[in-house]
There are 2 protein chains.
Amino acid sequence: MNPSFEELKKELNLRNVNLSYQRLKVLKYLTQNQCHPTVDQIFTDLHKDISTLSKTTVYNTLRVLEEVDLVRVITIEEHETRYDINVENHGHFKCETCGTIYDFSVDIDFLTPRDLDKFKINDKNVYFKGICPRCLSIE
Amino acid sequence: MNPSFEELKKELNLRNVNLSYQRLKVLKYLTQNQCHPTVDQIFTDLHKDISTLSKTTVYNTLRVLEEVDLVRVITIEEHETRYDINVENHGHFKCETCGTIYDFSVDIDFLTPRDLDKFKINDKNVYFKGICPRCLSIE
DNA sequence: TAATAAATCTATAACCTTTACAATGTTGTT
DNA sequence: AACAACATTGTAAAGGTTATAGATTTATTA
């Protein structure tokens with residue numbers, strides 16, 4: 001499972017990242033909204049609570065969290081960078097009709113391309129596109 | 001193997017896409033430069049031959065070619081949409097040091113996530129990040 | 001071939017996301 | 001309390017992509 005909020009706070013301390021009020025809110029948002037939100041979604045939602053919040057802060061915070069490997073960047077589609085707190089390897093499915101992004105479990109370690117024998121692999125990503133069951137049933 | 005240039009021209013006719021001079025040049029470029037170029041790379045190189053070429057035309061052409069499934073969009077990294085004429089399923093490896101994108105063969109059909117039983121899958125993508133052998137040896 | 005319609009190309013401006021930067025505010029340490 | 005270090009904010013700038021309108025080319029018909 002995903003790490004709990006408390007565990008994440010500990011992680012930040014371990015990695016010498018100060019936990020400001022804004023960073024705490026972003027982190028909390030990511031743990032509670034594991035729907036791969038965009039910066040704009042995060043900013044818009046948090047702005048309701050923190051009227052002084054700047055979008056730059058959201059960018060900065062996400063960059064910091066990414067640097068310490070607590071957050072993962074997902075680039076399924078151009079022009080919409082999404083953020084995911086789950087660092088575990090899993091695949092993403094984007095519905096081309098409604099835009100929802102679904103997680104799915106995939107045995108990425110099973111992928112052992114012989115072509116990459118001499119390559120150092122840091123990150124593996126799998127994403128599919130298509131139509132989700134809900135949109136299929138509506139059609 | 002990849003389709004030949006002549007075959008691609010036939011494909012365009014089949015799909016009722018007019019083959020203008022500019023489109024022909026872009027298509028030719030993609031078949032001869034299968035290095036997943038960006039729009040800017042395509043435009044800059046072609047501009048040497050066609051001084052009147054507009055970057056908008058490159059965008060438009062790529063969109064048309066994508067719509068008829070002759071070209072595939074690769075989004076490995078944010079802010080750099082890349083184009084690939086090879087529609088066959090294969091994986092991409094991006095070297096985080098030199099930026100080169102390598103192809104590798106991967107048995108994508110082997111990926112049969114049970115989670116996606118009821119999903120209609122149109123497109124499968126696999127991309128890895130890490131360091132390529134050349135950069136490893138230089139270090 | 002000429003006339004007309006349709007499609008394509010070009011250039012510019014607009015848009016949107018992300019980054020850079022400088023000023024302000026906050027936190028931590030002594 | 002004073003200082004330094006860091007974080008936040010707001011604005012401006014950068015970069016890539018798209019919208020649009022006019023010019024050019026191509027296709028069609030007579």
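Note on naming: letters A, B, ... go to the chains in the order of the sequence lines (proteins, then strands), and numbering restarts at 1 for each one. Note that the structure is a prediction, hence the values are computed from the model and not measured.
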Can you check nucleotides 5-8 of chain D for protein contacts, nitrogen or oxygen pairs under 3.5 Å, and list what you find?
residue: dA7(D); atom: OP1; partner: Arg23(A); partner atom: NH1; Å: 2.9
residue: dA7(D); atom: OP1; partner: Arg23(A); partner atom: NH2; Å: 3.3
residue: dA7(D); atom: O3'; partner: Ser20(A); partner atom: OG; Å: 3.4
residue: dT8(D); atom: OP1; partner: Ser20(A); partner atom: OG; Å: 2.2
residue: dT8(D); atom: OP1; partner: Gln22(A); partner atom: OE1; Å: 3.2
residue: dT8(D); atom: O3'; partner: Gln22(A); partner atom: NE2; Å: 3.1

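- Side-chain N or O atoms of Gln41(B) include one that pairs as donor or acceptor with a backbone N or O of Thr38(B) at under 3.5 Å.
- Residues meeting the side chain to side chain contact (heavy atoms under 4.5 Å, CB included) test with Phe43(B), sequence neighbours left out: His47(B), Leu53(B), Lys55(B), Val58(B).
- Considering only residues two or more places apart in sequence or on other chains, Glu96(B) meets the salt bridge (charged side-chain N to carboxylate O under 4.0 Å, His left out) condition with none of them.
- A heavy-atom distance below 4.5 Å is found between the side chains of Phe104(B) and Val126(B).
- To the nearest angstrom, P of dG16(D) lies 12 Å from CZ of Phe43(B).
- Within the structure, every side-chain polar atom (N or O) of Thr56(B) is placed at least 4.0 Å from both OP1 and OP2 of dT18(D).
- Under the rule for a side chain to side chain contact (heavy atoms under 4.5 Å, CB included), the partners of Asp123(A) that lie at least two apart in sequence or sit in another chain are Arg72(A), Asn125(A), Lys129(B).
- The salt bridge (charged side-chain N to carboxylate O under 4.0 Å, His left out) check on Glu11(B) picks up Arg15(B), with sequence neighbours excluded.
- Of the N and O atoms on the side chains of Tyr127(A) and Thr75(B), at least one donor lies less than 3.5 Å from an acceptor on the other residue.
- For the OP1/OP2 pair of dT18(D) and a distance below 4.0 Å, the side-chain nitrogens and oxygens of Tyr59(B) include no atom meeting the criterion.
- Atom CD1 in Ile42(B) sits about 13 Å away from atom P in dG16(D), given to the nearest Å.
- With a heavy-atom cut-off of 4.0 Å to chain A, the contacted part of DNA chain C has its first and last nucleotide at dT17(C) to dA20(C).
- If you measure from atom CG of Asp40(B) to atom C1' of dA14(D), you get 14 Å, rounded to the nearest angstrom.
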